[in-house]
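To start, the structure itself, in structure tokens.
Sequence lines set the chain letters: A, B, ... in the order given, protein chains first and strands last, and positions in each chain run from 1.
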Amino acid sequence: MLPHKSIEARLQAAVSSVLPDANTANVLVRPCPDPKFGDYQTNALMALAKERKLNPRQLAADVLARLDVGELCEKVEIAGAGFLNFRLKSSTLERTLESAARGEHLFFERTTQPRTVVIDFSSPNVAKPMHVGHIRSTILGDSLARALRLLGHRVITDNHIGDWGTQFGMMIFAWKVEKFFENDPGLLPDPISELERVYKLVNEACKGDAKALAYLRSRFSYDVELELDKIEPEGALNWARMELVKLQSGDKENLEIWERLIAISKKQFETIYNRLGVTFDHTLGESFYNPMLKAIVQELLDKGIAKESEGAIAVFSDGSLPPKQDPFLKQEDGEWKPNPSLIQKSDGAANYATTDLATLAYRLQTWHPSEIGYVTDGRQQLHFQQIFATFRRWHPEANVKLAHVWFGSILGEDGKPFKTRSGETVRLADLLDEAEERAFQVVTDKRPDLPEPQRREIARVVGIGAIKYADLLPNRQSDYVFSWDKMLALHGNTAPYLQYSYARISSIFRKDDSDATSKTSEPASVSLGAPEEISLARHLLNFDFVLGAVVEDYRPNLLCNYLYELASHYARFYENCPVLKAEPKERASRLILSSLTAEVLRQGLEILGIQTLEQM
RNA sequence: GCGCCCGUAGCUCAGUUGGAUAGAGCACCUGCCUUCUAAGCAGGUGGUCGCGCGUUCGAAUCGCGCCGGGCGCGCCA
């Protein structure tokens with residue numbers, strides 16, 4: 001057991017012995033904000049004293065009298081208004097590092113209560129290019145899944161792609177206009193661009209653009225029920241609607257076009273996910289739930305949860321919540337008015353709310369998760385509140401935590417939503433290309449001695465890592481400003497700096513000429529002397545706190561900060577404590593410290609989905 | 001109008017159940033490479049935590065009211 005866990009357990013026991021009825025779940029230790037206070041502190045006794053109107057320092061003294069942590073810590077101190085400060089004996093630090101060096105742990109503990117957690121993230125749309133709007137969800141979701149898995153939870157990742165909906169009417173229409181059966185766009189180098197081009201064309205024709213309409217007329221020669229010269233905006237729109245209806249009613253040709261659209265898109269998704277190193281256990285898109293929707297609408301009607309309204313079907317407030325917390329009410333002109341959630345449109349089609357309800361039910365029934373996290377844009381907060389509330393009414397027996405893990409927008413340097421210079425949305429593929437290209441310039445500048453293929457590989461890892469890190473570093477709920485210069489900077493809190501820290505440690509081991517036997521046969525012995533060694537060791541021991549917090553609040557940015565601090569501690573150690581030139585005993589100890597730091601850096605970056613390099 | 005989120009150093013942002021003297025990077029200034037990768041380190045300048053009132057041993061954090069900004073609010077997802 002790690003020292004802080006052991007201290008915490010004994011502290012809780014001591015509190016129970018003083019206050020038998022106290023709930024000790026919140027009696028926790030955590031790292032001290034300032035090393036002068038010690039290694040760990042608890043402030044929980046002040047809270048306990050407050051709710052019981054006890055003197056906090058007296059309570060601290062009473063608890064301390066029942067607390068025995070003597071073999072782990074120096075004398076425990078009562079400080080301030082009633083803190084308990086713990087300072088680890090240096091032998092405790094040293095033994096913990098040694099057990100890590102033996103591979104018994106890496107400064108964190110796997111959970112004793114594994115949960116099954118579904119993470120819903122990325123969710124791009126079929127037949128459209130993946131763009132910057134998908135990057136935060138993809139990177140955040142992947143990182144959270146990695147963190148949960150590392151801590152021993154059962155994680156199911158599910159990519160809920162947008163493979164059904166009204167846009168397919170226009171897509172199929174466009175497909176037929178361009179006679180793609182004869183000119184398979186899947187064979188083009190960039191089929192998605194081609195699909196996007198014709199989609200825009202049809203869309204513009206529907207809006208009445210003269211050039212687009214003229215183009216349609218010139219191309220139109222198939223299966224003509226409408227006369228060519230009657231293709232006007234209304235005509236084009238009607239035609240697209242007709243194709244949609246045919247698709248929905250199972251028309252063979254349209255289904256085949258739809259399937260080919262999905263196949264082309266999935267290929268694009270795979271290319272991007274491969275570059276990002278992101279994988280999914282399932283890709284169950286919206287279409288998968290299609291067959292279930294009618295029955296769900298009917299069931300919600302039967303149960304009185306939903307009702308007809310203006311031709312549509314909607315869920316209204318049932319009055320079970322205070323109005324302020326009720327997602328189905330809103331205040332207008334001082335009155336509470338209905339704010340319903342539509343589950344069926346007046347044309348009889350279901351919408352995304354229905355699909356999300358079906359998805360939720362399916363996941364629960366199939367995987368029995370204790371938790372489902374939806375990693376989406378913050379603008380969907382109301383939607384998810386309504387979905388969750390509807391689901392609770394529909395399945396009151398369900399025992400599952402539903403979390404909307406929302407995030408803010410990516411902004412350009414001008415503070416407005418991130419776009420290209422010409423005002424287009426930025427494609428993910430282009431973004432990754434540019435990251436690698438810019439990283440290549442930097443690598444070439446710094447290391448002209450390396451052969452080009454190696455520089456390319458470094459640029460790939462650094463470029464992708466920089467984008468991911470820039471995305472994970474800010475608190476997920478804040479908007480952040482996208483800046484190439486900042487994310488690729490070689491100093492400061494950036495991916496390249498962390499990767500460099502790792503590479504620099506690796507370099508020590510490459511130059512370590514001690515023979516292999518001395519590395520393996522002698523029991524590893526750590527002895528800490530220099531202040532830089534001690535603060536580095538202390539920081540390594542805090543890895544567990546950070547991982548717990550990341551998973552608890554769905555916040556990888558805490559890990560970013562931790563890793564940056566770790567790299568800073570190591571840099572100070574590196575400046576002040578020679579490793580290879582030290583005396584044998586000290587050298588062995590410092591090699592262990594270095595190798596454990598490297599391992600935590602590597603593991604931490606891996607949770608962020610960022611690769612490390614031995615050389616850069 | 002109502003709801004959600006935000007307002008912290010010149011700029012970009014952290015700030016862990018309320019906790020000890022509010023932190024970092026960039027920028028600016030000063031040092032440090034014959035010594036394990038200087039893609040580095042050390043030091044300095046810089047704050048009425050939007051404003052006010054309140055809650056308490058203690059508030060950037062919680063409550064109320066203002067000011068300023070972003071987003072959302074019935075058939076798109």
Side-chain angles (χ1 to χ4, degrees), chain A residues 25-26 28 30-34 36-37 41 43-44 46-47 49-50 56-57 79-83 123 125 162 165-167 286 309-314 324 327 330-334 336-347 349 351-353 355-356 376-383 385 406 408-409 411 415 442-443 445-447 462 473-475 477-481 483 485-486 489-494 496-497 499-501 503-512 545-546 548-549 552-553 555 557-558 560-561 564-565 568 571-572 574-576 578-581 594 615-616:
Chain A
N26 288 328
L28 304 172
R30 65 175 184 200
C32 286
D34 189 321
K36 80 181 180 198
F37 297 125
Q41 67 169 227
N43 56 35
M46 291 181 282
K50 187 176 207 164
R57 284 191 68 105
F83 294 94
S123 313
N125 288 317
T166 46
Q167 78 270 26
E286 292 169 351
S309 167
E310 296 171 31
I313 296 175
K324 245 192 140 161
K330 62 178 171 186
Q331 203 172 42
E332 246 167 48
D333 307 324
W336 291 102
K337 298 200 170 162
N339 188 30
S341 162
L342 262 60
I343 59 167
Q344 184 173 296
K345 300 187 280 184
S346 50
D347 67 1
N351 63 4
Y352 74 129
T355 309
D356 278 346
T376 86
D377 197 286
R379 285 175 293 201
Q380 295 185 45
Q381 284 178 89
L382 178 61
H383 167 69
Q385 281 173 22
W406 61 270
S409 314
L411 308 176
V442 176
V443 176
D445 184 43
K446 291 287 174 186
R447 296 298 301 272
V462 170
L473 179 62
N475 181 325
Q477 294 181 334
S478 32
D479 297 343
Y480 79 91
V481 176
S483 161
D485 291 341
K486 278 181 188 164
L490 306 168
H491 32 249
N493 196 350
T494 66
Y497 173 71
Q499 289 167 322
Y500 168 73
S501 304
R504 204 156 63 153
I505 301 175
S506 301
S507 167
I508 293 179
F509 286 92
R510 269 199 307 280
K511 297 208 165 144
D512 176 18
F545 289 95
V546 174
E552 204 52 45
D553 301 327
R555 289 181 49 185
N557 68 308
L558 300 173
C560 296
N561 290 330
Y564 177 64
E565 285 162 14
S568 307
R572 270 168 238 139
Y574 183 88
E575 291 290 322
N576 294 290
V579 177
L580 297 177
K581 292 192 171 71
S594 296
Q615 278 190 69
M616 55 188 282

With a 4.5 Å cut-off on side-chain heavy atoms, are A/Lys486 and A/Thr494 touching? no

Rounded distance in Å - CG (A/Asp479) to P (B/A14): 10 Å

Pick base, sugar-phosphate or nothing for A/Asn475, based on heavy-atom distances below 4.0 Å to the nucleic acid. sugar-phosphate

Student check: side-chain heavy atoms of A/His383 and A/Thr376 closer than 4.5 Å: no

Round to a whole Å and report the spacing from CG of A/Leu490 to P of B/C41. 12 Å

With a 4.0 Å cut-off on heavy atoms, is A/Val579 in touch with a base, just the backbone sugar-phosphate, or nothing at all? base

Do the ring centers of A/Tyr500 and A/His491 come within less than 6.0 Å of each other? no

Please report the distance separating the P of B/A9 from the corresponding atom of B/G25, rounded so that it comes out in whole Å. 16 Å

Could you tell me how far B/G50 sits from B/G7 if I compare only their P atoms? Round to whole Å. 7 Å

For B/C36, does OP1 or OP2 lie under 4.0 Å from any side-chain N or O of A/Arg510? no

Does the base of B/G18 carry an N or O that pairs as donor and acceptor with the side chain of A/Lys50 under 3.5 Å? yes

Atom P, compared across B/G10 and B/G70: separation rounded to whole Å: 22 Å

Which is it for A/Leu580 and A/Lys511 under the side-chain contact (heavy atoms from CB on, under 4.5 Å) test, yes or no, and what are the steps along the way? CA-CA 8 Å; A/Leu580 297 177; A/Lys511 297 208 165 144; 3.8 Å; yes

So, do A/Phe83 and B/A20 meet the stacking rule of ring centres under 5.5 Å and planes under 30°? yes

I want to confirm an ordering. Mapping A/Gly378 and A/Asn43 to their closest nucleotides on RNA chain B, which one lands closer to the 5' end? A/Asn43

With heavy atoms under 4.0 Å as the rule, sort A/Tyr574 into base, sugar-phosphate or nothing. base

In whole Å, what is the span from the CZ atom of A/Arg30 to the C1' atom of B/U16? 6 Å

Starting at CG of A/Asp512, measure out to OG of A/Ser507 and round the result to the nearest 0.5 Å. 11.0 Å

With P as the reference atom in both, quote the distance from B/G54 to B/C41 in angstrom, rounded to an integer. 46 Å

Ignoring backbone atoms, test whether A/Lys511 places a side-chain nitrogen or oxygen under 4.0 Å from the OP1 or OP2 oxygen of B/U37. yes

Do A/Gln381 and A/Trp406 pass the side chain to side chain donor-acceptor pair (under 3.5 Å) test, and can you show the C-alpha distance, the side-chain angles, and the key distance before you say yes or no? CA-CA 8 Å; A/Gln381 284 178 89; A/Trp406 61 270; 3.3 Å; yes

For A/Ala489, report the nucleic acid contact type (base, sugar-phosphate, nothing); a contact means any heavy atom under 4.0 Å. nothing

Whole-Å gap separating C1' (B/G25) and CG (A/Asn561): 11 Å

Contact string for nucleotides 72-77 of chain B, one letter per nucleotide 5' to 3', B = base within protein heavy-atom range under 4.0 Å, S = sugar-phosphate only, - = neither, reads SSBBSB

Taking the side chain as C-beta and beyond, is there a heavy-atom pair between A/Lys337 and A/Gln331 under 4.5 Å? no

Please give, in whole Å, the distance from B/C36 P to A/Asn576 CG? 15 Å

Over all strands shown, is A/Pro496 touching base, sugar-phosphate only, or nothing at heavy-atom distances under 4.0 angstrom? nothing

How long is the gap from CG on A/Asp347 to CD on A/Gln344, to the nearest 0.5 Å? 8.0 Å

OP1 or OP2 of B/G70 versus the side-chain N and O atoms of A/Tyr480: is any pair under 4.0 Å? no

What distance separates A/Leu342 CG from A/Asn351 CG, expressed to the nearest 0.5 Å? 6.0 Å

Within less than 4.0 Å of OP1 or OP2 of B/C36, is there a side-chain N or O belonging to A/Arg504? no

Rounded to whole Å, the CG-P distance (A/Leu411 to B/U12) equals 11 Å

Atom CG of A/Leu473 and atom P of B/A14 are separated, to the nearest Å, by 8 Å

When the C1' atoms of B/A22 and B/U61 are considered, how many whole Å apart are they? 12 Å

Would B/C33 be called syn or anti here, given the cut-off of 90° from 0? syn

Would you write out the dot-bracket form of RNA chain B, 5' to 3', with Watson-Crick and G-U pairs under 3.5 Å, [ ] for crossing pairs, | for pairs to other strands and . for unpaired bases? (((((((..((((.....[...)))).(((((.......))))).....(((((..]....))))))))))))....

When rounded to the nearest Å, what value does the distance between P atoms of B/U16 and B/G68 take? 29 Å

Check: B/A39 base within 3.5 Å donor-acceptor of A/Gln499 side chain: no

Using a 4.0 Å heavy-atom cut-off across all strands, classify A/Ala571 as base, sugar-phosphate, or nothing. sugar-phosphate

Once you round to the nearest 0.5 Å, how far does OG of A/Ser506 lie from CE of A/Met616? 10.5 Å

In whole Å, what separates the C1' atom of B/G58 from that of B/U17? 15 Å

Could you check if a side-chain atom of A/Pro33 sits within less than 4.5 angstrom of a side-chain atom of A/Gln41, using non-hydrogen atoms only? yes

Given RNA chain B, 5'-ward residue of the pair A/Glu575 and A/Gln477, judged by closest heavy atom: A/Gln477

Heavy atoms, side chains only, cut-off 4.5 Å: are A/Leu473 and A/Asn557 in contact? no

Looking only at B/C41, B/A39, B/U17, the nucleotide nearest the A/Tyr497 side chain is B/C41

How about A/Val462 and A/Val442: do any of their side-chain heavy atoms sit closer than 4.5 Å? no

I need the CD-P distance between A/Glu552 and B/U17, as an integer number of Å. 12 Å

Euclidean distance for P, B/A14 against B/U30 (whole angstrom): 32 Å

Phosphate OP1/OP2 of B/G40 contacted by A/His491 side-chain N/O (<4.0 Å): yes

Touch check for A/Gln41, heavy atoms < 4.0 angstrom, all strands: base, sugar-phosphate only, or nothing? base

Would you please determine if the base of B/A24 is stacked by A/Tyr564, with stacking meaning a centroid separation under 5.5 angstrom and planes under 30 degrees? no

